[in-house]
Amino acid sequence: MPGYRPEVVGGRLVVNPPADFGHAKALTQLTLALGVLEGEQVSVVQRVGLWLPSDDDYVVPDLAVVDVDVQEHLIAFNCYAPHVFRLVVEITSSNHSSDVVDKPLAYAQAGVPVYLIGDRRHRRVSLLTEPRDGEYRTRSTYLPGETFVLPESVGAKVELAADILLGPPA
């Protein structure tokens, strides 16, 4: 299955298809917008594996902001320890429920401080922060035309437009 990306979330195998153009374009635009973070403390990367703290689970977020020493924290199978991830981003595709239901729990349990979801199906962006006891305590939602600011913990305060993550309407 060329181009497919397997993940194991909650002990369940999830196989993600290759990105469609809208997904890829949104990811490119977001990468460019987050480029201001790239530097001595953090790196902005696409599709780097994150080892989850339960059994042999792992995920491969669409985009992440990681500590620059990420390579020193390799666990297995090109997946890295969750504590080096400052931000993970998923832009929804055909595995919608995985991104909006399963992964918020997995990322919160792993202690990832910021989870950003570009929900193209429902045309909204969700910013989840403050993971504690396996769930995110704060959830903010942004609609097309709105802007928001990422927490400074990702490396600096960055203002983003929701439209960057959502792309054009389908």
Side-chain angles (χ1 to χ4, degrees), residues 5-16 19 23 26-93 95-119 125-142 148-160 164-165:
R5 177 174 43 113
E7 299 176 310
V8 180
V9 183
R12 187 173 56 94
L13 177 65
V14 178
V15 181
N16 299 299
H23 183 283
L27 190 56
T28 297
Q29 294 299 316
L30 181 59
T31 302
L32 293 171
L34 293 177
V36 298
L37 296 174
E38 188 73 29
E40 294 179 17
Q41 294 184 352
V42 299
S43 291
V44 179
V45 294
Q46 294 182 17
R47 300 187 189 254
V48 169
L50 186 158
W51 195 262
L52 296 170
S54 59
D55 299 322
D56 291 332
D57 289 5
Y58 67 94
V59 289
V60 183
D62 289 328
L63 185 136
V65 174
V66 297
D67 293 343
V68 291
D69 68 346
V70 64
Q71 294 184 68
E72 296 173 19
H73 303 280
L74 178 66
I75 304 281
F77 308 114
N78 292 329
C79 294
Y80 299 86
H83 74 272
V84 298
F85 287 77
R86 295 183 182 207
L87 163 76
V88 293
V89 179
E90 298 287 358
I91 298 176
T92 61
S93 57
N95 285 334
H96 184 267
S97 66
S98 178
D99 291 339
V100 299
V101 177
D102 301 331
K103 289 183 181 177
L105 296 172
Y107 289 138
Q109 289 171 347
V112 175
V114 181
Y115 179 34
L116 186 60
I117 307 167
D119 185 342
V125 172
S126 297
L127 177 63
L128 288 68
T129 59
E130 300 180 41
R132 195 170 3 155
D133 300 325
E135 64 182 357
Y136 285 101
R137 300 296 179 173
T138 303
R139 180 186 200 111
S140 303
T141 303
Y142 304 95
F148 59 96
V149 177
L150 292 175
E152 196 167 341
S153 64
V154 302
K157 287 187 178 181
V158 177
E159 184 174 346
L160 295 173
I164 288 175
L165 283 95

Minimum heavy-atom distance between [X] and [Y], given as atom pair plus value:
| X | Y | result |
| --- | --- | --- |
| Glu40 | Val68 | O-CG2, 3.2 Å |
| Val84 | His73 | CG1-CD2, 3.4 Å |
| Pro104 | Tyr115 | CG-CE2, 3.6 Å |
| Phe85 | Gly49 | CZ-O, 3.5 Å |
| Ser126 | Thr141 | OG-OG1, 4.2 Å |
| Ala33 | Val158 | O-CG1, 4.2 Å |

Pairwise side-chain contact, [X] with [Y], heavy-atom cut-off 4.5 Å (strictly under):
| X | Y | value |
| --- | --- | --- |
| Tyr107 | Pro131 | no |
| Val59 | Val88 | no |
| Ser153 | Thr129 | no |
| Val112 | Tyr136 | yes |
| Leu165 | Val89 | yes |
| Val125 | Phe148 | yes |
| Arg86 | Val114 | no |
| Leu150 | Val65 | no |

Can you tell me how far the [atom1] atom of [X] sits from the [atom2] atom of [Y], to the nearest 0.5 Å?
| X | Y | atom1 | atom2 | answer |
| --- | --- | --- | --- | --- |
| Ile117 | Leu127 | CD1 | CG | 9.5 Å |
| Thr92 | Asp119 | OG1 | CG | 4.5 Å |
| Leu50 | His83 | CG | NE2 | 11.0 Å |
| Thr31 | Leu37 | OG1 | CG | 11.0 Å |
| Arg137 | Leu128 | CZ | CG | 12.5 Å |
| Thr28 | Gln46 | OG1 | CD | 6.0 Å |

inquiry  = Heavy-atom count check: over 12 atoms from other residues, nucleotides or ligands less than 6.0 Å from Gln41 CD?
reply    = no
message = For Glu130, I'd like to know if atom CD has over 12 heavy atoms of other residues, nucleotides or ligands within 6.0 Å.
response = yes
Intermediate values then yes/no, side chain to side chain contact (heavy atoms under 4.5 Å, CB included), Asp62 and His23 = CA-CA 10 Å; Asp62 289 328; His23 183 283; 3.1 Å; yes
key: From CA spacing to verdict: side chain to side chain contact (heavy atoms under 4.5 Å, CB included), Leu87, Val42   = CA-CA 10 Å; Leu87 163 76; Val42 299; over 6 Å; no
